[in-house]
Protein chains: 2
Amino acid sequence: MSEAVQLSEEQRRLIEKMGVGGEKNGMPPAPARIMALLMVSPETELTFDQVRETLNLSKSATSNAINMLLTTQKIDYITKPGDRKRYFKNKIGSWKEDVRSNFQNITRLADLFEEVLSLRPADTTEFNNKLREIIAFMRFMEEKLPGLYRQWEESQG
Amino acid sequence: MSEAVQLSEEQRRLIEKMGVGGEKNGMPPAPARIMALLMVSPETELTFDQVRETLNLSKSATSNAINMLLTTQKIDYITKPGDRKRYFKNKIGSWKEDVRSNFQNITRLADLFEEVLSLRPADTTEFNNKLREIIAFMRFMEEKLPGLYRQWEESQG
DNA sequence: TTTTTAGTTCTCTATTTGCAGAACTAAAAA
DNA sequence: TTTTTAGTTCTGCAAATAGAGAACTAAAAA
């Protein structure tokens, strides 16, 4: 019998939409849809077969996708006493981490740009100055963000 | 005769490194390397053939990559009187835009999450509350960033 | 002990991507 | 007018991606 989760048309559309969003962030289709399913599904903890049948994936696709989401810490699972199945769930908390680590990318980019600057001839003044300005802007953002985070944590008291 | 730009080993390595960085942000290899070349090259304005020969690309790859960078506003070109060639240059200013539009992604994600929340049953309280908290965090960042930008512009006089 | 469960791993295929090379084009130069 | 320049577009291939389906496995249940 079918293990598939019952979903409305609207819920299915939203899963697709989030799936596409995930793909745009470099996630392969199947993992992206599983992530989305684990957000949208009324039941928040789903078994392998529930995931598989709801999304019409093959066992291999399901297995590979779930394992990739587990190793990249995007999902997690729980077990229930006397039940061999794993119940997979979205690590929603990881989204806040994602936002922060997304901000962290600025640092990496600024570092790269400084490397570029160090290898540039001094005589392309205009270009170099624009480059310096952008680096300064990135460093500024980098410096101010921790303060914002703190402000948020405090407002949550 | 060769039009290739002379580059040190170090400069070539940096171009590859930036190229890989670009690929990780969803840019195809050739455009990513052209972007990088136009940052690292001592000459900041390069012709079609200089790009082509420096990066060992085919004409078609060069043409397609350049046009995609032009339409996505990542590069720009100038011309010189009595010279039919176009001289392509990195729109370095666009990097600041990139940083900002990167922040803008939060908004899109928050919107999506609100859509999710609206379709969720009320009884998964813990999940819904975590979701609400993340949305609130994103909205908070969204709200505070413009102030930071203003602060930066002001500090630049 | 055999069977079922909850997956994993292997093989194969369809699709997509990224590029090369060649043919082509429109404007300028000779 | 013919040739050159500065590309563009078309054809085709090679590699990478993504997933189906079947064979396999280890632990638990019967």
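Keep in mind it's a predicted model, so treat the numbers as computed, not measured. Protein chains get the first letters and strands the later ones, always in sequence-line order, with residue 1 at the start of each. Below, each value reflects all heavy atoms present in this structure, side chains not excepted, and no hydrogens, waters or symmetry copies.
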With the side chain of B:F48 defined as its heavy atoms from C-beta on, choose the nearest nucleotide among C:dG7, D:dT8, C:dG21.
D:dT8

Rounded to whole angstrom units, what separation is found between the CD atom of A:E23 and the P atom of C:dT17?
10 Å

Is it true that atom CD of B:Q156 has more than 12 heavy atoms of other residues, nucleotides or ligands lying nearer than 6.0 Å?
yes

Rounded off to whole Å, could you give me the CG-to-C1' distance for the A:L70 and C:dG7 pair?
13 Å

Does C:dT8 have OP1 or OP2 under 4.0 Å away from a side-chain N or O of A:N64?
no

With side chains defined as the heavy atoms from C-beta onward, is the minimum distance between A:R139 and A:E114 less than 4.5 Å?
yes

B:S63 side chain: which of D:dT9, C:dA6, D:dG21 is closest?
D:dT9

What is the distance from CG of A:L55 to C1' of D:dG19, rounded to the nearest Å?
13 Å

Picking from D:dG19, C:dA6, D:dG7, the nucleotide nearest the side-chain atoms of A:S58 would be D:dG19

Go through the N and O atoms of the side chain of B:S60 and the base of C:dG21, and report whether any donor-acceptor pair is under 3.5 Å.
yes

Taking the nucleotide of DNA chain D with the closest heavy atom to each, which residue, A:T62 or A:G82, is nearer the 5' end?
A:T62

Between A:R132 (side chain only) and A:L117 (backbone N and O only), is there a donor and an acceptor less than 3.5 Å apart?
no

Quick one: is D:dA6 close enough that its OP1 or OP2 comes under 4.0 Å of any side-chain N or O from B:K85?
yes

Report the residue (B:D49 or B:A61) whose heavy-atom-nearest nucleotide on DNA chain D is the more 5′ of the two.
B:D49

May I have the distance from A:E3 (atom CD) to C:dT4 (atom C1'), rounded to whole angstrom?
14 Å

Check the distance between C:dA6's C1' and A:I78's CD1 and give it to me in whole angstrom.
16 Å

Under 4.5 Å between any side-chain heavy atoms of A:W95 and A:M39, yes or no?
yes

CA sep, side-chain torsions, deciding dist, call: A:K80, A:R86, side-chain contact (heavy atoms from CB on, under 4.5 Å)
CA-CA 8 Å; A:K80 298 183 180 182; A:R86 291 178 293 174; over 6 Å; no

How does DNA chain D look in dot-bracket form if you count Watson-Crick and G-U pairs under 3.5 Å, write [ ] for pairs that cross, and put | where a base pairs with another strand?
||||||||||||||||||||||||||||||

Taking atom NZ of B:K96 and atom OG of B:S101, what is their separation to the nearest 0.5 Å?
14.0 Å

Proximity to the side chain of B:R86 - top-ranked nucleotide from D:dA18, D:dT8, C:dA6:
D:dT8

Which nucleotide in the set C:dA6, D:dG19, D:dA20 lies at the smallest distance from any side-chain heavy atom of A:P29?
D:dG19

Between C:dA6 (C1') and A:K59 (NZ): distance, integer Å
7 Å

Once you measure the plane-to-plane angle for A:F103 and B:F103, does it fall in the parallel (<30°), tilted (30-60°) or perpendicular (>60°) bin?
perpendicular

Taking atom P of D:dG7 as reference, at what distance in whole Å does atom CG of B:L57 sit?
15 Å

I need the CG-C1' distance between B:N67 and C:dG18, as an integer number of Å.
16 Å

If you measure from the Lys or Arg side-chain nitrogens to the Asp or Glu carboxylate oxygens, is any gap between A:R52 and A:D49 under 4.0 Å?
yes

Which part of the nucleic acid does B:I66 contact within heavy-atom distance under 4.0 Å: base, sugar-phosphate only, or nothing?
nothing

Quick note, B:R84 side chain, CB onward, closest among C:dT9, C:dG18, C:dA26 is C:dA26

